[in-house]
Amino acid sequence: MQETSIVELAYVPTAADATQAIRARMRATPAGRLQNLIILASAVVVLGALVLHLTVSEEPSLRVTLLCLASLALSIGMYLLVPALQGRQVHRMIAPQGEFRAVVDDAGVQVVSRDSETTQRWPMITRYTETDSLFVLMTPDKHGVGIVVLPKRGAAEPADVDRLRAVLDRNATRV
């Protein structure tokens, strides 16, 4: 019989955590990858149009050039800024909760804050991805609509991060 590992974390969420979690979810889910691909493809199309306009036209139009540059800047801005803006919005919503405490074991994940307590069993969070500073747990839908963010800095000691990774590997699929 396998012994249940329990890992406890205590942390105050930051805007950087939320932004990094959103970016990680975008890389790990089909919907997020599609969104990134669409933004990248639009930037490539606009860049191609700009290059064609500048090289093929005898007298390139300033209006068309500025329109292409503005569209390119918008595409790059969407790629870089949208996750940051979303992360700031999420952080503003959860920041008043103060310190969060999470308990992760083979039954699931329980997160407690000042005004809330949620428990997610493993069938609800079947996937996870890891960044340098976070574990991002996701629901099984292709959008990863539901996420649980577990900052590694919340671990009491470095060995707890390895134990947490082991619990996640036993109960969820790494993506």
Side-chain angles (χ1 to χ4, degrees), residues 1-41 77-175:
M1 187 167 181
Q2 182 174 323
E3 184 180 314
T4 301
S5 294
I6 298 174
V7 181
E8 296 183 22
L9 299 112
Y11 55 91
V12 175
T14 66
D17 291 341
T19 299
Q20 191 175 80
I22 289 167
R23 285 195 170 113
R25 187 191 75 195
M26 288 178 74
R27 285 188 305 271
T29 63
R33 287 189 298 268
L34 178 62
Q35 180 180 338
N36 283 340
L37 180 64
I38 289 169
I39 292 171
L40 177 63
M78 286 180 59
Y79 182 78
L80 297 175
L81 294 178
V82 167
L85 294 173
Q86 289 174 333
R88 286 177 46 194
Q89 287 175 331
V90 168
H91 182 256
R92 271 186 255 144
M93 182 179 69
I94 62 174
Q97 298 300 309
E99 183 178 69
F100 281 61
R101 295 195 172 277
V103 176
V104 183
D105 60 23
D106 287 320
V109 179
Q110 180 182 37
V111 179
V112 178
S113 68
R114 184 189 72 202
D115 296 327
S116 70
E117 181 176 323
T118 60
T119 301
Q120 304 286 332
R121 303 282 180 234
W122 291 114
M124 185 64 180
I125 46 175
T126 59
R127 304 174 297 155
Y128 82 96
T129 189
E130 182 177 355
T131 71
D132 290 341
S133 60
L134 303 173
F135 289 100
V136 181
L137 290 61
M138 296 169 282
T139 54
D141 59 288
K142 72 177 183 177
H143 301 285
V145 172
I147 65 173
V148 177
V149 180
L150 301 173
K152 293 177 183 179
R153 70 177 181 283
E157 53 190 60
D160 289 344
V161 173
D162 294 329
R163 290 186 326 113
L164 176 57
R165 188 179 298 109
V167 173
L168 295 175
D169 285 338
R170 275 197 305 277
N171 295 288
T173 303
R174 183 189 299 240
V175 291

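Computed from heavy atoms alone, side chains included, the values below leave out hydrogens, waters and symmetry copies.
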Pairwise side-chain contact, Y128 with L134, heavy-atom cut-off 4.5 Å (strictly under): no
Between OH on residue Y79 and CZ on residue R23, distance to nearest 0.5 Å: 7.5 Å
With T173 via side chain to side chain donor-acceptor pair (under 3.5 Å) - residues at least two apart: none
Nearest-0.5 Å distance, CG of residue N171 to OG of residue S5: 9.5 Å
Student check: side-chain heavy atoms of D105 and V167 closer than 4.5 Å: no
What donor-acceptor contacts under 3.5 angstrom involve side-chain atoms of residues 25-32, with partners at least two apart or in another chain?
from, atom 1, to, atom 2, distance (Å)
T29, OG1, R25, O, 2.9
T29, OG1, G32, N, 3.1

Main-chain N/O of A16 paired with H91 side-chain donor or acceptor, under 3.5 Å: no
Side chain to side chain donor-acceptor pair (under 3.5 Å) partners for S133, two or more places apart: Q20
Shortest non-hydrogen separation from P123 to P140 and the atoms involved: O-CG, 4.1 Å
Positive for side chain to side chain contact (heavy atoms under 4.5 Å, CB included) with F135, one of V148, V149, V161: V161
Heavy-atom pair of closest approach, residues L150 and A102: CD2-CB, 3.8 Å
Pairing residues for D141 by the salt bridge (Lys or Arg N to Asp or Glu O under 4.0 Å) criterion, not counting sequence neighbours: none
Rounded distance (nearest 0.5 Å) linking atom CG of N36 with atom CE of M78: 10.0 Å
Partners passing side chain to side chain contact (heavy atoms under 4.5 Å, CB included) against M124 (at least two apart in sequence or in another chain): Q120, T139
Interatomic distance, D106 atom CG to W122 atom CH2 [nearest 0.5 angstrom]: 8.0 Å
Any residue meeting salt bridge (Lys or Arg N to Asp or Glu O under 4.0 Å) with E8, in chain and number order, not counting sequence neighbours: none
Donor-acceptor contact present, side-chain D17 to main-chain T14, <3.5 Å: yes
Closest non-hydrogen atom pair, I147 against A21: CD1-CB, 4.2 Å
Residue pair T19 / G87: nearest heavy atoms and the distance that separates them: OG1-CA, 3.6 Å
Separation between CD1 of I22 and CG of L85, rounded to the nearest 0.5 Å: 9.5 Å
Nearest atoms (heavy-atom pairs only) where G98 meets P13: O-CD, 3.5 Å
Qualifying salt bridge (Lys or Arg N to Asp or Glu O under 4.0 Å) pairs with a residue from residues 128-137, counting only residues at least two apart or across chains: E130-K152, E130-R165, E130-R174
Counterpart residues, side chain to side chain donor-acceptor pair (under 3.5 Å), relative to T118 (two or more places apart): none
Y11 atom OH, over 12 foreign heavy atoms within 6.0 Å: yes
Any residue meeting salt bridge (Lys or Arg N to Asp or Glu O under 4.0 Å) with R121, in chain and number order, not counting sequence neighbours: none
Salt bridge (Lys or Arg N to Asp or Glu O under 4.0 Å) contacts touching residues 84-102 (sequence neighbours left out): E99-R101
Distance, nearest 0.5 Å, that separates CE of M138 from OG1 of T129: 5.5 Å
By salt bridge (Lys or Arg N to Asp or Glu O under 4.0 Å) - contacts of R33 (at least two apart): none
Closest contact, heavy atoms only, D160 versus A156: OD2-N, 3.5 Å
With E117 via side chain to side chain donor-acceptor pair (under 3.5 Å) - residues at least two apart: Q110
